[in-house]
Each structure stands twice: as C-alpha cells, then as structure tokens.
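Working notes, beginning with the structure itself.
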Amino acid sequence: MTEERFKVGIVGGGAMGEALVRGLLAAGTLSPAELMVSEVHGPRREYLERETGIRTVAENGRLVEFGDVLILAVKPHVVGDVAAEIRPGLRPSQTVISIAAGVSLEYIEKSLGEGFPVIRVMPNTPALVGAAASAYCLGRYAGPRDGARARTVLEAVGRTVQVEERLLDVVTGLSGSGPAYMFLVLEALADGAVRMGLPRDISVMLAAQTMYGAAKMVLETGEHTGRLKDMVTTPGGTTAAGLFALEEGAVRAALQRAVEEATARAREIDERGGS
Ligand SMILES: NC(=O)c1ccc[n+]([C@@H]2O[C@H](COP(=O)([O-])OP(=O)(O)OC[C@H]3O[C@@H](n4cnc5c(N)ncnc54)[C@H](OP(=O)(O)O)[C@@H]3O)[C@@H](O)[C@H]2O)c1
C-alpha cells in the first residue's frame, strides 16, 4: 500500500511547532509547500519562514483550509479558544492532532463539535533534536487513516506508540517527565567522576554518551535489560561494585517512585483540564 500524502497545518509556532516542522522536513516526510504554521507573533512567523521555507499565517481560518492534518501545538489553556477558531471551517476528512498536555480527547471533541477525528499525543522535549518518545491515543471519531497520519508525523521526530487514553498519564510520568530524570542521573554520574578527579566537560560528555549508547543498545538489540546488564558485570569486577552501591542507594525504588508521583500529578492536572 502506498502511503497517503497529506498537508499539515500547525497551530502555534513555538518550540514544539518548530520541532515538528524541522522534523517533518528533515525526514523528507513533507516538502515546505506541504506545511503551514499559524502563529500570533509576527517576528516568530518571519523567523520560521526564513529558517524553514514554509508558509506562515496569522489567523487559523486559512490554516484550516490548507491542512489535511491540523496539529494543535499551543499551550493547554488556549486549546479551547483555538478549537473555537478552527471549528467553522473544519471538515470530517481532516485529522486534528493535539499535543497539549492534560487536555482530554472528550474536551477537544466537544470544543470542535462532535464527529471530527481527534488524536491526543503526549510528546517529550527530545522532539527538539529528533529523538522524541511519544504516545498517542485515538478519539472516538478517529479511524485507521487518522492513526496512520499521526504515526507518520510523530515518527518524523522520534519513536511513537499507541496507547489507550487512560494510560497517557503514565506515559507523562515516564517519558513526558523522563528527560528531567535522565538529566539528573546524568549530572549525578558526572559529579561522581569529577569527585574522582575527571574534568567536568569530559565527565559530562562520557556520561551522556554512555546513557545514549545504553539506550541505543536496548532499542536496537531488543535484548532484555537484565541480560545487557549481566553482560558487562564480570564476577568480582568494577561494574558489580558500582551496581551494589546503586542498590544500596535504592535507585530502582526511587525511579519507580518518580514515575508514580509524576503519574499521580498528571492525573490531577488532567482532571482540571490541563492547568
Ligand atoms: N511533555 C512535554 O515534554 C511537552 C513538551 C513540549 C510541549 N508539550 C505540549 O506542547 C504544546 C506546545 O508547547 P510549546 O512549548 O511549543 O508552546 P509555546 O512555545 O507557547 O508555543 C505556542 C505558540 O503558539 C502561539 N499561539 C497562542 N495562541 C495561538 C493561536 N490562537 N493561534 C496561533 N498561535 C497561537 C503562542 O503565542 P503566546 O506565547 O502568545 O501564547 C506561542 O508562540 C503545549 O500544549 C505543551 O503542553 C509537551
């Protein structure tokens, strides 16, 4: 089956909007002519046009005419206003994708008027460097074509999976907030090396590359993480000594608690509609 070609309109040319534009162009998924961004700030529109060659507009009406896929990349508290702006021109053949944290499918579907396909996404900030981990869920009017469109867009900036909406808070607690956990772990590892005498810049680079390499091995080999760990743990060796210190520090429990706490907080925010 040949993949469908579609045009994408992005509401909001902020950090995430720009990341999506750059990812879609870099991956060759879309040409500049197949992308349009609506953005309220003039200088930001000029910047995006100059940097990426796409067209930008100041109002959402023109974007709705243009896009087969409309991505809501604005802050959660303005999603309702944006939905009201795009509602008059919306066609059922279009797919609306929201990346706004904490804004439910039901809220967006109601704001658009029932019957329009909506997809809700939890992305994460590594989208800015093409390494996002995102999860998406389908609204009640979204079908396989809408899901395929969302996957195509999200795979241009990283990896993605489909989940049920009730699990999106867990995704927030894991991959949404996860980059911050990883920065903390990375910083602590580098601090350890500095304490042992290694210069800071070398420590940070080695720690970051180690985290990157370990993650790449998990993703590319598909091996169980326990087996990968055992492969580098020589009996009586250095790694075994280091791992013992981590177990003593209850690192596993602390990370599990981090996901639990963040998930609970995401649930609270969801219940309040994203604020
Ligand atoms: N989990 C994560 O790590 C994660 C990461 C990034 C983003 N997200 C989600 O992604 C969304 C976008 O985040 P962001 O950081 O890219 O936001 P942002 O930088 O605020 O970008 C949104 C842009 O859209 C503009 N805008 C506001 N109302 C508009 C309208 N009606 N029409 C057109 N443009 C409008 C905003 O202007 P003003 O500044 O004047 O409002 C701003 O320039 C958020 O909802 C966030 O929850 C999640």
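Whatever order the structure lists ligands and atoms in, that order sets their numbers, starting from 1.
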Taking salt bridge (Lys or Arg N to Asp or Glu O under 4.0 Å) as the test, write out the residues that go with Asp191, two or more places apart.
-> Arg200
All salt bridge (Lys or Arg N to Asp or Glu O under 4.0 Å) counterparts of Glu49, not counting sequence neighbours | none
Test item: side-chain donor near acceptor, Glu260 and Thr263, under 3.5 Å = no
Salt bridge (Lys or Arg N to Asp or Glu O under 4.0 Å) partners of Arg22, counting only residues at least two apart | Glu18, Glu51
Regarding Ser134 and Thr160, is there a side-chain donor-to-acceptor distance under 3.5 Å anywhere?
-> yes
For ligand 1, what are the residues with a heavy-atom contact below 4.0 Å?
-> Val11, Gly12, Gly13, Gly14, Ala15, Met16, Ser38, Glu39, Val40, His41, Asn60, Ala73, Val74, Lys75, Pro76, Val82, Glu85, Ile99, Ala100, Ala101, Met122, Pro123, Asn124, Thr125, Gly176
Modelled atom types, side-chain donor and acceptor of Arg149 and Thr95, under 3.5 Å | yes
